[in-house]
Amino acid sequence: MAGDMKGRSDCDLDIISMQCDNEARYRKQITITRPIFTEETFQEGYRISTSNSSATAKLRRSCTSNLSSLSGHGLCLAVLKFFPIIGWLKEYNWRKDIIGDVISGLTTAVMRIPQEMAYALLATVPAVYGLYSAFFPVILYAVLGTSKHISIGTWAVVSIMIGNAIDAVIDVELSNINNGTSEMAEMTSGISAEDNTMLRVQIATSLCLLVGIIQTLMGVLRLGFVTNYLSEPLVRGFTTGAAVHVFTSQFPKLLGIKTTRRTGVITLVYTYIELFTKLKQTNPCAVIMSVLALMMLILIAEMNDLQAHKSWCRREGRKGKKLPIPSELFVVICATLASYLGRFEFKYNLSVVGDIPTGVPVPTVPSLRGSMSLFGSAFAMAIVGFAISISMAQLFAKKHEYEVEANQELIAYGSCHIFGSFFRCFPHATSMSRTAVQEGSGGKTQLAGIISALVVVVILLRLGPLFSQLPQCILGAIIVVALRGILRQIKDLPLLWKVNNVDFAIWLLTFLCVCLLGVDLGLLCGVGIALVTIVLRTQIPNSSIIGAIPNTDIYRDVARVPDAREIPGIKIFCFSSSLCFINADNFKNSLFQKVGINPQKRLIAKHKGDLIKKLEYSHCDDEPRNDVRNEADQVQTIIIDCCMFNYIDTVGVKTLQTLITDYDKVDIRVVLANCKETVRQSLLKSATLNKKEAIGLDRMYLTLHDAVADHMPSQKDDNFKHVGVKIQNEISYETGV
């Protein structure tokens, strides 16, 4: 042996040592000896906190907390919380961070200018209003927002929603003018082509104010959690469907064709039919410029993506970051020069942006006339815009290890919308592509956003008219290329199909609803589909019979774990959902089916003196085997595992009471195990409804093992040895790891 050991290398000895350590670790045992506890005996031996968690108590504590914040220190904290800029400016490292913020601000501004003009046209308002929306909201968000990296401004999905809402309102109002029922009759009567533009701006401004009011109220009422109801598959399916609408809306610009804007159901189908019928009217100049712009934008975008990926892979060994190539600005400048020098507007009838007035708009009070017809669209924009913005904010906050506050973000977004509505801005949100560029080019704080907004001011004050000859097809190409990231979300489907079929269905059905029914109605249908899946999963959850793993206190589904064994005379039933009015009947029927005993039918059989076994199993579709019937005859105890019960309502309580009473009549005891505090309190309070059938603490056990140990038959029987329980008013078992 010694010779063998000498012949082994040090590496071999290390491996043998590790194997011995692992074997020793696996041989460790857990030995526990304690009394069997029901909830009643446990509370007699141990003190239980009786803290009041009622709604009244929570309201009282909240009021006390708010009153304490009125002190001097509390007011300072409230000011710091409401104006996050004070906090990050105090800690700002001017020597280290200013260069990154300046470079990031200039880079984002280069990308922002063409995108803002393009998304303004997508919202059916003049391009200059996109520049307004790129300045006023950005400045205010830097003061009130808690995210250091997101880029506030126009976004394709919200812009298409604005355009659809404006078209729908104008169509309805114009159709009602003759009847005198229009709320906006004074605005729409005798409308001209020039006035149509200003009417659209007024409606967009009203939408901006409504969105701001909705978001601010949600923030004040602490409703930042509402986006939890928009699951990730729902949001991604919705944004992909909306991107299809945006993509389709740009085809007429790319081809130089004038088409009718439509709203409502299956508008995509009608749009493509009209496009195909008007292909002969295609403008060759627009097609050539669009193809060249798309090729250049896609090529540079792929280069930027590749560069960003390499930079990410080597970020630990690099001191700086390569800036993305400003493809949008480069294409805009080239196309504007070509259009101006070649006089494309006059020679080839090419649609251009048109006059861009210089200067900053004078603040005006937005009109809320006709707001009732806009409220639904405004609410959808408020929710969608916030959902996208907060998800982007949380993504980058996690990456850079700081926190964002959802309710403060709501107040910030709402304030930006309200403030911007006085300067003719339209609803906005966080742009995913601009946010990635702002963070990727070195941005550290919202100072980068302020710098990009100042660049926009320079454009508004001095350089705006230079873009008057910019072809609209170029802006359409910019929008189409900017949708690459959103359209790529369709790659989610294969993964979702493998991981979760329900999420796959939510994604796909939401996408189809948005494409076929429109953006607003599609979002509503998507939310409805998601809620229906939750209801169905709650109404028809999984249920199972639980068995014991030999010589352990571990219990598993006997249908899934072959080593789990049922305990003779005891049935352990597990229901994988909270018990409420939605699934109470399903709970009862599943219990009857899994346990194999319907107490009401057994009672009827006893009274009538009929064949007990036939009537007992008549509820099952298939006639049970003899061994199953004999096993059911031996059942003396049913243990309901309540570990999945997060709550129980009055219907659920009555269902349990009825089951306990019915099974008691046929000499079968029903007990509960693993009850949470909320469930216990609901069951104890149910005594006020029916004292005779009240469920007391004596029927509730701390764990499944307590319940099993307390109801084990005689331990002399070899059938019970695999449970590993000694019955002497104690639980004593040993488990091998």
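A quick note: this is a predicted structure, and the numbers were derived from the prediction, not measured.
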For the backbone of [Y] and the side chain of [X], can you confirm whether one donor and one acceptor N or O come within less than 3.5 Å of each other?
X      : Y      : result
Arg699 : Val670 : yes
Gln489 : Arg236 : yes
Thr510 : Trp507 : no
Asp649 : Phe581 : yes
Asn500 : Leu496 : no
Glu409 : Thr146 : yes
Asn583 : Ser578 : yes

Task: Cation-pi check, Lys148 onto Tyr402 ring (under 6.0 Å, within 45° of axis) - done: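 Cation-pi check for Lys148 and Tyr402: passes.
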TODO: Decide, yes or no, whether a salt bridge links Lys399 with Glu439 under the criterion of side-chain N to carboxylate O below 4.0 Å.
DONE: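 Glu439 and Lys399: salt-bridged.
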Task: Pair Arg34 + Asp706: basic N to acidic O under 4.0 Å - done: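 Salt bridge: yes.
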- [ ] Please step through side chain to side chain donor-acceptor pair (under 3.5 Å) for the pair Thr661 and Asp664, ending with a clear verdict.
- [x] CA-CA 5 Å; Thr661 302; Asp664 280 345; 5.7 Å; no
Taking every non-hydrogen atom, the tightest pair across [X] and [Y]:
X      : Y      : value
Ile582 : Val535 : CG2-O, 4.2 Å
Leu579 : Ala584 : CD1-CA, 4.0 Å
Ser576 : Pro541 : O-CB, 3.6 Å
Thr41  : Thr38  : OG1-N, 2.9 Å
Ile639 : Ala673 : CG2-CB, 4.1 Å
Ile390 : Ala406 : CD1-CA, 4.0 Å

TODO: Please work out which of the three classes, parallel, tilted or perpendicular, describes the rings of His149 and His400, given edges at 30° and 60°.
DONE: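 Parallel: the ring planes of His400 and His149 meet at under 30°.
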- [ ] Please find out if less than 6.0 Å separates the ring center of Phe587 from that of Phe573.
- [x]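 When the ring centroids of Phe587 and Phe573 are compared, they turn out to be within the sub-6.0 Å range.
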Open item on the list: Please report whether the ring centroid of Tyr701 lies less than 6.0 Å from that of His711.
Closed with: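 Yes, ring centres under 6.0 Å apart.
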Task: Reported CD-to-CD1 distance for the pair Gln593 and Ile545, which is rounded to 0.5 angstrom - done: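 If we round to the nearest 0.5 Å, Gln593:CD and Ile545:CD1 are 10.0 Å apart.
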- [ ] Hey, could you give me the CG/CG distance between Leu523 and Leu234, rounded to the nearest 0.5 Å?
- [x]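 Going from CG on Leu523 over to CG on Leu234, the span is 6.5 Å.
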Open item on the list: Take a 6.0 Å sphere around CZ of Phe379 and say whether it holds more than 12 heavy atoms from other residues, nucleotides or ligands.
Closed with: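 Open: at most 12 neighbouring heavy atoms sit under 6.0 Å from CZ of Phe379.
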Open item on the list: So for atom CD, which belongs to Glu403, do other residues, nucleotides or ligands contribute more than 12 heavy atoms lying within a distance under 6.0 Å?
Closed with: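 Atom CD in Glu403 is not crowded, with 12 or fewer foreign heavy atoms closer than 6.0 Å.
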